[in-house]
Amino acid sequence: MAEIIELKNVYFSAQDRDVVQDISLEFEEGKITAIIGPSGSGKSTVLKISAGLLVPNDGEVFYRGRNIAHMSHSENLEFRRESAFVFQDSALWANQNLDQILELPLKIHYPQMTRSQRMKRIKEVTIEADYRKDLGIRPSRLSMGEQKLIAFARAMLCNPKLLFLDEWVESLDETSANKLIEVVKRKKKEGASVIFVCHDMRIIRDLADSVVVIVDGKEAFEGTKEDLLNSPELSNFLKMEIAV
Ligand SMILES: Nc1ncnc2c1ncn2[C@@H]1O[C@H](COP(=O)(O)OP(=O)(O)OP(=O)(O)O)[C@@H](O)[C@H]1O
Ligand SMILES: [Mg+2]
């Protein structure tokens, strides 16, 4: 099967600190991959590098075989439209109302859409993400969990083929978390590829096809979920390191 994202010998350092060191990964098209590891091990950094949101100091990142550092403007726009990212801290614009935040990706990627078409799509994705409150308010009036629901809804707007989810259900109650998990399962059935960071082994068991373990900015394990679960050594390590 083809790789949708490939990292080749990627390094990232910031403020004289090596955050990611020599990581090479292949994410298969149509599969769900979980990235796990202790706090501060570099999971979010690897996810952002994979999505082209952070530029590595060394190494290469490929999207469908194309080096993302050498993409043309139109190729890059296509990559942006086909992929979506739910940030660990939700990253909603503080000075915009929720409906304005949700309109922006549609305005960029579907400039021909009318306002009423945009509003219809926004309604669909917010219902799907289980957010039912007012959209005419600023993110500061939402709980962390509600901000996550809006961040998830925003990620779904353009019907992505590739989803990056960073600790996307951690601050949610079980009902909302289960709804989002069902959406991700449906996306997989539709052929989407998903890469997610999560600390919850129950969700990893339920969703992931393969697992990557990152420790101290280095790849400690890459394999199928079954490989991980069948290795007592790794399971013990994970229990001790990240209390999964
Ligand atoms: N731009 C940066 N400048 C300085 N340090 C950074 C930067 N980005 C990441 N780091 C450091 O690199 C380490 C890894 O960060 P990262 O956010 O990728 O970890 P993580 O595995 O996602 O952690 P968590 O489980 O807490 O979300 C952290 O110690 C962080 O402080
Ligand atoms: Mg993180």
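As the structure is a prediction and not an experimental result, all values here were calculated from the model. In listed order, ligands and their atoms are each counted from 1.
Between Phe12 and ligand 1, not a single N/O pair is under 3.5 Å apart. Checked by distance only, ligand 1 and Gly42 come closer than 3.5 Å through their nitrogen or oxygen atoms.
Taking a cutoff of 4.0 Å between a charged side-chain nitrogen and a carboxylate oxygen, Glu60 and Lys8 do not qualify as a salt bridge. Residues Glu124 and Lys120 are paired through a salt bridge, judged by an N-O separation under 4.0 Å between the basic side chain and the carboxylate. Under 4.0 Å is where a charged nitrogen must lie from a carboxylate oxygen, and between Lys185 and Asp206 at least one such pair does. Ion pair Lys179/Glu174 not flagged as a salt bridge, since none of the NZ, NE, NH1 or NH2 atoms sits closer than 4.0 Å to an Asp/Glu carboxylate oxygen. For Glu128 and Lys123, the salt-bridge test fails: no basic side-chain N is under 4.0 Å from an acidic carboxylate O.
Closest to atom 17 (O) of ligand 1, if we only count protein heavy atoms, is Ser44 CB, 3.7 Å. Summary of contacts: the protein heavy atom closest to atom 25 (O) of ligand 1 is Lys43 NZ, 2.7 Å. The protein non-hydrogen atom at the shortest distance from atom 27 (O) of ligand 1 is Gln88 NE2, 2.8 Å. What sits closest to atom 14 (C) of ligand 1 on the protein, heavy atoms only, is Gly40 O, 3.3 Å. Of the protein's heavy atoms, Val19 CG2, 3.9 Å lies nearest to atom 10 (N) of ligand 1. Looking at atom 7 (C) of ligand 1, its nearest protein heavy atom turns out to be Ala14 CB, 4.0 Å. Among all non-hydrogen protein atoms, the one lying nearest atom 18 (O) of ligand 1 is Thr45 OG1, 2.6 Å. Among protein heavy atoms, the minimum distance from atom 13 (C) of ligand 1 is reached at Arg17 NH1, 3.1 Å.
Nearest heavy atom pair, residue Glu226 against residue Asp209, reads OE1-O, 4.4 Å. Nearest heavy-atom pair, Ser193 versus Ile4, reported as atom, atom and distance to 0.1 Å: OG-CD1, 3.7 Å. Minimum heavy-atom separation, Gly37 to Ser41: C-OG, 3.7 Å. Ile127 and Arg132 get closest at one heavy-atom pair: O-NH2, 4.0 Å.
Each of the atoms 25 (O) of ligand 1 lies under 4.0 Å from some heavy atom of His199.
Within the 4.0 Å cut-off (strictly below), a protein heavy atom is located near atom 23 (O) of ligand 1.
Put simply, CH2 on Trp93 and CG on Leu102 are 13.5 Å apart, with the number rounded to the nearest 0.5 Å. Between the CG atom in Leu25 and the OG1 atom in Thr33 there is a gap of 9.0 Å [rounded to 0.5 Å].
One N or O on the side chain of Lys148 and one on the backbone of Glu167 form a donor-acceptor pair closer than 3.5 Å.
For the pair Glu167 and ligand 1, a heavy-atom separation below 4.0 Å is found.
The number of protein N, O or S atoms lying under 2.8 Å from the Mg ion (ligand 2) is 2.
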